[in-house]
Amino acid sequence: MIINVTSPNEMTGFYVVFKGSTLLEKEGNRGISHLMEHILAKNIEHLEEDFDRNGIVFNAYTSTNEIVFHLKGLDDRVLTYRDEFLKCITEFSITEEDFEKERKIVIEEYSDYFEDKTSSHYMNLFRKIYNDYGAIGCLQDLEALKFSDIKDF
């Protein structure tokens with residue numbers, strides 16, 4: 001789903017929403033949606049300086065049922081980059097080296113997340129009671145993921 005939200009003050013938000021996310025994960029690939037978010041966001045890196053120069057905010061997030069990438073800024077500036085942004089996110093191209101780098105970053109985020117006692121208590125309860133690993137996934141699954149797994153996903 002692609003959503004372009006405009007407002008009367010010449011600001012716009014352009015959102016690309018992938019439905020499914022962690023709802024599609026199973027034992028063995030828990031956390032792959034969040035990793036995919038990182039990998040696709042990496043395709044945007046070459047535009048980040050342009051975004052900064054033009055006052056465009058870019059971000060992405062993974063939730064239980066969607067992965068969302070968005071641009072926000074002045075309407076004419078977002079429009080300038082909208083099509084290239086969409087192309088970068090929808091055309092999957094990554095090297096095995098980039099995969100390994102992003103997987104390490106996601107694993108580091110995992111570790112950081114569980115350093116906070118409140119977060120770790122909350123996540124461990126959801127894991128135990130509902131078998132819900134959330135967007136952060138399962139450390140053992142993340143460590144075991146291969147380049148071919150992300151390509152298949």
Side-chain angles (χ1 to χ4, degrees), residues 1-5 12-54 56-73 78 81-153:
M1 173 187 335
I2 299 169
I3 304 168
N4 192 49
V5 180
T12 192
F14 180 71
Y15 297 77
V16 180
V17 181
F18 293 94
K19 293 291 186 181
S21 190
T22 63
L23 295 175
L24 300 174
E25 296 177 356
K26 57 187 184 307
E27 188 172 338
N29 74 354
R30 295 168 296 195
I32 198 168
S33 297
H34 183 214
L35 178 56
M36 183 62 84
E37 172 206 324
H38 274 251
I39 288 169
L40 292 176
K42 185 161 186 59
N43 292 338
I44 307 299
E45 283 182 349
H46 69 284
L47 296 172
E48 288 178 352
E49 286 184 21
D50 289 341
F51 290 168
D52 287 344
R53 265 193 313 278
N54 287 283
I56 297 172
V57 176
F58 158 70
N59 211 337
Y61 67 86
T62 302
S63 72
T64 304
N65 60 351
E66 59 192 18
I67 303 172
V68 179
F69 298 85
H70 58 86
L71 295 178
K72 298 178 193 172
V78 169
Y81 294 98
R82 184 186 66 195
D83 294 338
E84 186 175 358
F85 174 76
L86 180 61
K87 182 179 176 187
C88 290
I89 289 174
T90 57
E91 291 184 0
F92 182 81
S93 64
I94 186 168
T95 65
E96 192 162 357
E97 183 181 326
D98 286 338
F99 160 75
E100 292 296 341
K101 179 181 175 187
E102 293 306 315
R103 186 168 63 114
K104 286 178 185 174
I105 291 169
V106 169
I107 289 170
E108 186 176 314
E109 286 181 3
Y110 180 99
S111 298
D112 291 346
Y113 193 80
F114 278 92
E115 284 181 8
D116 177 67
K117 290 180 183 181
T118 303
S119 295
S120 70
H121 179 71
Y122 170 80
M123 282 301 298
N124 284 329
L125 273 175
F126 265 72
R127 289 169 181 218
K128 183 176 182 177
I129 296 170
Y130 303 110
N131 196 32
D132 181 352
Y133 284 72
I136 202 68
C138 174
L139 181 59
Q140 292 78 14
D141 290 0
L142 289 168
E143 290 173 335
L145 284 174
K146 298 176 192 70
F147 185 55
S148 60
D149 296 326
I150 201 79
K151 288 171 72 174
D152 291 342
F153 187 76

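Formation of a donor-acceptor pair under 3.5 Å by the Arg103 side chain with backbone atoms of Leu142 is found in this model. Although no hydrogens or angles enter the test, the distance criterion places a donor-acceptor pair under 3.5 Å between the side chain of Ser111 and the main chain of Ile107.
Rounding to the nearest 0.5 angstrom, the gap separating the CZ atom in Arg82 from the OG1 atom in Thr12 is 8.5 Å. For the atom pair Lys146 NZ and Asn29 CG, the distance stands at 11.5 Å (nearest 0.5 Å). Note: Asn43 CG to Asp98 CG = 8.5 Å, rounded to the nearest 0.5 Å. Rounding to the nearest 0.5 Å gives a distance of 10.5 Å between OG1 of Thr90 and CZ of Phe69. Going from atom CG of Leu145 over to atom CZ of Phe99 covers 5.5 Å, rounded to the nearest 0.5 Å. Between Ile44 atom CD1 and Glu84 atom CD the span is 8.0 Å, to the nearest 0.5 Å.
The minimum heavy-atom distance linking Phe18 with Leu40 is given by the pair CE1-CD1, 4.4 Å. Closest approach of Phe85 to His70, counting heavy atoms only: CZ-N, 3.9 Å.
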Q: Take Lys72 and Tyr15 through the test side chain to side chain contact (heavy atoms under 4.5 Å, CB included) and record every step on the way to the result.
A: CA-CA 9 Å; Lys72 298 178 193 172; Tyr15 297 77; 3.2 Å; yes
(Q) Apply side chain to side chain contact (heavy atoms under 4.5 Å, CB included) to residues Glu102 and Val106 and explain how you reach the verdict. (A) CA-CA 6 Å; Glu102 293 306 315; Val106 169; 5.5 Å; no
Which donor-acceptor pairs under 3.5 Å do side chains of residues 20-28 form with protein atoms, sequence neighbours excluded?
| from | atom 1 | to | atom 2 | distance (Å) |
| --- | --- | --- | --- | --- |
| Ser21 | OG | Ser63 | O | 2.6 |
| Thr22 | OG1 | Thr64 | O | 3.0 |
| Glu25 | OE1 | Gly31 | N | 2.9 |
| Glu25 | OE2 | Gly31 | N | 3.4 |
| Glu25 | OE2 | Ile32 | N | 3.3 |
| Glu25 | OE2 | Ser33 | N | 2.8 |
| Glu25 | OE2 | Ser33 | OG | 2.9 |

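Within a 6.0 Å radius of NZ in Lys42, more than 12 heavy atoms belonging to other residues, nucleotides or ligands are found.
For the pair Glu49 and Arg53, the minimum side-chain heavy-atom distance is below 4.5 Å. Side-chain contact between Asp83 and Lys87: absent, with no pair of heavy atoms (C-beta onward) separated by less than 4.5 Å.
Ring-centre distance between Tyr81 and Phe58: not below the 6.0 Å cut-off.
Take Phe114 and apply the side chain to side chain contact (heavy atoms under 4.5 Å, CB included) test, not counting sequence neighbours, and it matches Tyr110, Ser120, Met123, Asn124, Arg127, Ile136.
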